[in-house]
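Single-structure report; data block below.
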2 protein chains.
Amino acid sequence: MKPTIRDVAKMAGVSISTVSRVMNAPDTVVESKRSRVMEAIEALKYQPNAFARGLIYKKSFTLGLLIPDIENLYFAGVIRGMQDACIKLGYSLMICNTDRDKERTLSYIDTFHEKQVDGVVFASDVLYTEYYEKLVGCRIPFVLVSSHSDEYEVASVEVDDEKAAYDAVKFLIELGHQEIGMIGFNHDNSVSGPPRFAGFVRALKEFGLERNVEKVKYANHRFEQAYQASHELFSEYPELTAVFCVADEFAMGTISYLKDRNILVPGQVSVIGFDNLRMSGMFIPKLTTIAQPIYQLGYRAAEKLHELLTTGSVAVMKEKMEHKLIVRESSREK
Amino acid sequence: MKPTIRDVAKMAGVSISTVSRVMNAPDTVVESKRSRVMEAIEALKYQPNAFARGLIYKKSFTLGLLIPDIENLYFAGVIRGMQDACIKLGYSLMICNTDRDKERTLSYIDTFHEKQVDGVVFASDVLYTEYYEKLVGCRIPFVLVSSHSDEYEVASVEVDDEKAAYDAVKFLIELGHQEIGMIGFNHDNSVSGPPRFAGFVRALKEFGLERNVEKVKYANHRFEQAYQASHELFSEYPELTAVFCVADEFAMGTISYLKDRNILVPGQVSVIGFDNLRMSGMFIPKLTTIAQPIYQLGYRAAEKLHELLTTGSVAVMKEKMEHKLIVRESSREK
DNA sequence: TTGAAAGCGCTAACAG
DNA sequence: CTGTTAGCGCTTTCAA
């Protein structure tokens with residue numbers, strides 16, 4: 001049996017209240033008893049039972065994190081940031097991988113409810129009504145990261161997707177490209193799909209290149225799908241000399257396709273990615289991309305949730321973090 | 001306030017024991033009351049408090065997972081497998097990323113202790129005495145995945161590293177390579193470092209190629225380090241025509257270095273990796289590698305821990321899973 | 001400064 | 001079949 005507060009009390013020859021006090025308000029206990037209690041705690045390797053504490057405090061000091069795909073390096077960064085923030089703020093973290101499955105997501109929310117997590121961070125996926133209502137129904141405070149909600153009043157932290165996409169495409173245009181295509185996220189099951197497309201369109205229009213607006217194919221988060229989408233894109237628009245990919249993984253799929261077709265990158269076609277995953281510096285060629293402050297996004301999300309938990313609201317509802325263009329080798333020189 | 005069992009009882013007009021019964025032994029309650037209780041539960045979105053339950057059962061139905069590096073795709077696979085097994089077995093999962101930091105690892109074990117996790121899976125890292133003693137001191141049952149312990153009696157699941165390395169090197173030799181180098185894990189802070197080196201040596205000796213035994217450089221888990229190690233390896237042994245890398249990430253680093261030196265892969269040098277990460281099929285060239293059943297390793301580790309938790313011991317202490325050679329494009333044709 | 005005792009939400013005897 | 005009651009381990013009044 002794990003030792004309880006009673007065992008410590010007995011060993012130290014004091015009452016359980018005294019033991020409790022040395023843990024929560026040490027200076028209300030005289031030195032002599034305090035040190036005896038500390039010794040006993042040490043000797044028994046006593047650790048207060050989190051269940052008993054939770055029952056009283058009605059807090060678990062645990063946060064939940066819902067991510068769509070743990071095999072996507074993007075989320076590894078978010079997790080690291082959030083985990084570091086949790087350590088700083090005194091929370092434990094419960095990470096759940098939903099695979100973008102509704103049943104599974106809902107069931108994880110149940111688990112969070114049952115384990116009484118203090119709050120949850122919901123990453124990237126779209127906040128479907130079912131999710132929102134379940135979270136609200138369970139009275140679980142939550143914030144969104146790499147996502148936002150137009151329908152509901154929910155705090156969020158993300159990058160300015162429209163602006164970032166605009167910057168990427170503008171960069172391509174300034175490199176001299178006139179025939180530019182895009183591999184995007186489907187608009188109906190992603191939150192950054194529409195704004196990134198909008199940024200693509202805005203840059204094109206600004207430079208009188210609107211004829212490219214339709215040169216877009218969509219993929220569903222993974223490499224293989226982007227490979228396939230590139231195939232469709234280039235079959236239909238062989239004149240393309242540049243592609244804006246809304247994810248680094250898409251850029252890799254696109255480059256892979258181009259390579260199989262013996263089309264040189266960046267010699268014949270420039271490719272720009274999005275995210276700046278750790279992998280993007282390892283790929284051949286190294287990816288030119290729009291960097292998101294991934295780690296910071298996770299860190300900030302945890303802080304924001306903490307703010308919500310402790311003050312009942314957040315100072316800024318829809319927070320944007322800075323993105324940055326990183327020029328490497330997959331785009332041609334000026 | 002979240003509703004308690006009392007609220008449900010009141011609304012359904014029964015005692016709290018009856019409510020408890022419909023949750024734990026439904027058929028001992030008459031249909032009429034049972035359905036009234038179910039309705040009340042539904043209406044209030046009642047979810048039993050895990051703290052109160054934990055206090056009684058002395059079980060949290062939560063497992064802990066300690067991984068060294070969440071940004072390594074290898075662990076993403078382990079996590080998925082373990083998470084699926086947890087769903088099947090009725091556990092929640094608490095994942096902690098140690099960054100291979102001792103302080104941090106020890107502190108996570110404290111957290112696990114405090115949250116009363118039922119058991120923990122410890123991944124890949126070496127089981128230092130401090131870890132072992134703390135875990136045992138806290139009376140937390142645990143198993144090792146992608147690791148094992150020679151010193152202690154601890155259950156583990158992994159691949160046969162020596163045999164897998166042997167197979168990789170033998171494959172290279174059978175391709176006709178005579179000058180073979182290796183990029184390995186440091187022997188003092190990794191568990192698979194020594195056996196993989198041993199497999200390298202055995203294959204070499206078996207084919208009378210022991211002169212290559214010293215052509216080894218070491219790196220510390222990441223791409224950049226492998227890039228640097230390759231630089232050292234090829235500066236010292238420019239005659240090399242093949243390299244056995246003990247991780248796919250090392251293979252990518254090596255290929256990246258070779259590419260920067262304008263050495264063709266597989267034209268001039270064959271490179272074989274280890275793990276078969278999802279990335280290895282996305283890289284250019286696609287990696288020839290030794291596949292580990294990563295997902296299954298995670299799944300099996302959770303099952304094994306469950307076995308330990310429920311029966312008090314495991315049928316097989318040191319379990320090995322099958323590896324497989326995957327031939328793709330980074331090795332030359334025969 | 002300290003101890004006794006109530007109670008957090010739930011389960012499991014024990015009566016009825 | 002159902003209700004009453006005694007804890008599970010801890011914190012927190014309330015007295016002493």
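By convention in this document, chain letters (A, B, ...) are assigned in the order of the sequence lines, proteins followed by strands, and residues within each chain are numbered from 1.
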Under a 4.0 Å heavy-atom cut-off, which of residues 47-54 of chain B touch DNA chain C? B/P48, B/N49, B/A52, B/R53

Scan residues 81-123 of chain B for pairs that pass ring-ring contact (aromatic ring centres under 6.0 Å, His included), counting only residues two or more places apart or in two chains. B/Y91-B/H306, B/F122-B/Y131

In numerical order, the residues of residues 28-42 of chain A whose heavy atoms come under 4.0 Å of DNA chain C are A/T28, A/V29, A/V30, A/K33

Scan the side chains in residues 42-56 of chain B for donor-acceptor partners under 3.5 Å anywhere in the protein, sequence neighbours excluded, and list what turns up.
from  : atom 1 : to    : atom 2 : distance (Å)
B/N49 : OD1    : B/F51 : N      : 2.6
B/N49 : OD1    : B/A52 : N      : 3.3
B/R53 : NH2    : B/N24 : OD1    : 3.4

Heavy atoms only, 4.0 Å cut-off, all strands: where does B/T18 land among base, sugar-phosphate and nothing? sugar-phosphate

Other residues, nucleotides, ligands: >12 heavy atoms within 6.0 Å of B/E31 CD: yes

Distance-only donor-acceptor hits, side chain of residues 139-152 of chain A, under 3.5 Å, sequence neighbours excluded:
from   : atom 1 : to     : atom 2 : distance (Å)
A/R139 : NH1    : A/G137 : O      : 3.2
A/S146 : OG     : A/Y74  : OH     : 2.7
A/S147 : OG     : A/D125 : O      : 3.2
A/H148 : ND1    : A/E158 : OE1    : 3.4
A/H148 : ND1    : A/E158 : OE2    : 2.9
A/H148 : NE2    : A/D150 : OD1    : 3.4
A/S149 : OG     : A/E151 : N      : 3.4
A/S149 : OG     : A/Y152 : N      : 3.0
A/Y152 : OH     : A/T129 : OG1    : 3.2

Is there a side-chain polar atom (N or O) of A/K58 under 4.0 Å from OP1 or OP2 of C/dG9? yes

Bounded by its outermost nucleotides with an atom under 4.0 Å from a heavy atom of chain B, the footprint on DNA chain D reads D/dC1 to D/dG9

Output for pair (A/C138 SG, A/Q116 CD), nearest 0.5 Å, gives 10.0 Å

Is it true that a side-chain atom of A/T105 and a backbone atom of A/D101 form a donor plus acceptor pair closer than 3.5 Å? yes

Output the residues of residues 110-120 of chain B in contact with DNA chain D, where contact means a heavy atom of the residue under 4.0 Å from an atom of the strand; sort by number or write none. none

Just how large is the angle between the end axes of the helix from C/dT1-D/dA16 to C/dG16-D/dC1, five pairs per end, to 10 degrees? 50°

I want to check one thing: is the phosphate of C/dG3, taken as OP1 and OP2, less than 4.0 Å away from some side-chain N or O of A/S15? yes

Return the set of residues passing side chain to side chain contact (heavy atoms under 4.5 Å, CB included) with B/K10 (not counting sequence neighbours), or none when no residue passes. none

Once salt bridge (Lys or Arg N to Asp or Glu O under 4.0 Å) is applied, do any residues pair with A/E153, and if so which ones, sequence neighbours excluded? none

Got a list of protein N/O to nucleotides 13-16 of chain C N/O distances below 3.5 Å?
none

Is the side chain of A/R80 donor-acceptor paired with the backbone N or O of B/I70 at a distance under 3.5 Å, no angle test? no

Distance below 4.0 Å between B/Y46 side-chain N/O and C/dC10 OP1 or OP2: yes

Distance (rounded to the nearest 0.5 Å) between A/L93 CG and A/I87 CD1: 9.5 Å

Residues forming a salt bridge (Lys or Arg N to Asp or Glu O under 4.0 Å) with B/E133, sequence neighbours excluded: none

Exercise: do B/T62 and A/K115 side chains pair donor with acceptor under 3.5 Å: yes

